[in-house]
Chemist: 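Structure in structure tokens, see below.
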Number of protein chains: 2
Amino acid sequence: MAAATHKLIAHAGLDAATMAAVAREAGFSVGTVQHYFASKDELLLFAYKRMTDHQLARVARMVAEGESEQLPIRAILMRCMPELWPLDEIRRGEYRVAKAFHARALDVPTVAEVARETAAVVRGQIARAVENGKECGEVQPETDAERAALELSALIAGLSDELYREPADGRSGRALVKATNAILEERLGSYFPGDCRHHER
Amino acid sequence: MAAATHKLIAHAGLDAATMAAVAREAGFSVGTVQHYFASKDELLLFAYKRMTDHQLARVARMVAEGESEQLPIRAILMRCMPELWPLDEIRRGEYRVAKAFHARALDVPTVAEVARETAAVVRGQIARAVENGKECGEVQPETDAERAALELSALIAGLSDELYREPADGRSGRALVKATNAILEERLGSYFPGDCRHHER
DNA sequence: CGAATAACCATACGAACATATGGCTTCCTC
DNA sequence: GAGGAAGCCATATGTTCGTATGGTTATTCG
């Protein structure tokens, strides 16, 4: 049911995710959906939280992969951060769902809490990466990790909007992807100017 | 009527802006609102465009003021860019309206067009500022103005979200405002490292 | 003047939706 | 094997909303 809800919102917006539509999409009756979710709010919140959990899990998996490959932290971040960008149809769908709920979060505190926490996790992970970078010499010791994380997470979110407007399969879309990658590379370079001590030879 | 629509959306979200509520808030009957707007979509689009026009006009006025004061371009940008941040109740209301319409833009092309154009104007103005900065020596000639504008506009938008979550009157809110200003200052400093030639003595 | 145009209103209509109700099956458990 | 919980469904109910309709008053202009 949560998957059906996600699909409907991604395809036609929050208003399209009526109880009847969700039931039909999931192959159940309206009554059955009601059996599992006491209210529509509950259903929507569950579907939203499910999506953010999936996203964070994907990022965590990519971090783990990068660590097992002994990549420098900067390279790991360079891989992970575009994971939240709307570069293919799946992630464009997630972008649409996320934006729909961000609007809903303005009026529904429970949704705002999920959005707030998701953002906090992302920012926290970046901040931790910067701190780790100090220990291994990639980051200068006087860098403010919280501030760096704030700028980097804001940058990702802001660039997402631009990327969504210009689908990545067009000519100008590909140029935009190159530009956003270059920006991210440059900014990571300014926060991670050094080489990892553990990779020295 | 547009003002009433704005007030309702800012205060309680898009769903609260029903024809009846708008009419009541504006002091008219439903029929009169219908007399001026052929459909609800038209009313909403008009109210949205009105808001973005106001915002862009405010920024343009601040740019003109800065120019008449002969400020360096970097200082003008440092003044203008936080104009779009939700730092007081008026701009928090505009933020809420903008976010509501951003979600709507995902499904309504006419709204998407307004959002797209507004973003393009902001990015274009920043790009022009960077180009001007090259001419007067504030910006290094090899800087890519479009890319700089892309990063700066994304940064503003992304930081808006963080600022909204933490109202500026709290203790942590004030700390966040300081942090965002510092980030903006630093980033403008990296794109505008030089002094304006016209201010040399 | 007089007619057309614009401003304005009250109310009716019909569609869409969330939720409530009551009932039917299936499967476990004591 | 009786009882009850869980899974599932069709339909009723009441609300909300956008829009349509028909009308009244004021203003403009030939």
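Each chain gets a letter, A, B and so on, in the order its sequence line appears, and its residues count up from 1.
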Chemist: Atom CG of Leu44(B) to atom P of dC17(D): distance rounded to whole Å?
Modeler: 13 Å

Chemist: Would you say a side-chain N or O of Tyr36(A) is under 4.0 Å from OP1 or OP2 of dC8(D)?
Modeler: yes

Chemist: Check whether the side chains of Tyr191(B) and Glu138(B) place a donor and an acceptor atom closer than 3.5 Å, and report yes or no.
Modeler: no

Chemist: Could you tell me how far apart Glu42(B) (CD) and dT19(D) (P) are, to the nearest whole angstrom?
Modeler: 10 Å

Chemist: Nearest-Å distance, CE (Met1(B)) to C1' (dC9(C))?
Modeler: 12 Å

Chemist: By nearest heavy atom, map Gly31(A) and Thr18(A) onto DNA chain C; which one lands nearer the 5' end?
Modeler: Thr18(A)

Chemist: Is any side-chain heavy atom of Ile126(A) closer than 4.5 Å to a side-chain heavy atom of Val122(A)?
Modeler: yes

Chemist: Please report the distance, rounded to the nearest Å, between CG in Leu45(B) and P in dG18(D).
Modeler: 16 Å

Chemist: Can you say whether the rings of Tyr48(A) and Phe101(A) are parallel (under 30°), tilted (30 to 60°) or perpendicular (over 60°)?
Modeler: parallel

Chemist: Once you round it to whole Å, what is the distance between P of dA18(C) and CG of Leu43(A)?
Modeler: 10 Å

Chemist: According to side chain to side chain donor-acceptor pair (under 3.5 Å), does anything in residues 51-62 of chain A pair up with another residue at least two apart or in another chain? List the pairs.
Modeler: Lys49(A)-Asp53(A), Gln55(A)-Glu94(A), Arg58(A)-Glu83(A), Arg58(A)-Glu94(A), Arg61(A)-Glu65(A)

Chemist: Distance check needed: dC17(C) P versus Leu14(A) CG, whole Å only.
Modeler: 13 Å

Chemist: Side chain of Ser29(B): nearest nucleotide among dC8(C), dT19(D), dA18(C)?
Modeler: dC8(C)

Chemist: If you check every side-chain atom of His35(A), which of dC17(C), dA6(C), dA6(D) has the closest atom?
Modeler: dA6(D)

Chemist: Mind calculating the distance between CZ (Arg24(A)) and C1' (dC8(D)) to the nearest angstrom?
Modeler: 18 Å

Chemist: Which nucleotide wins on minimum distance to the side chain of Lys40(B), given the candidates dG18(D), dC17(C), dC9(D)?
Modeler: dG18(D)

Chemist: Could you check how far CE of Met19(A) sits from C1' of dA20(C), rounded to whole Å?
Modeler: 12 Å

Chemist: Do Pro167(A) and Arg92(A) have side chains that approach each other closer than 4.5 Å (heavy atoms only, starting at C-beta)?
Modeler: yes

Chemist: Looking at dA20(D), dC9(C), dA20(C), which one has an atom nearest to any side-chain atom of Gln34(A)?
Modeler: dA20(C)

Chemist: Under 4.0 Å from OP1 or OP2 of dA7(C): is there any side-chain N or O of Thr32(B) that close?
Modeler: no

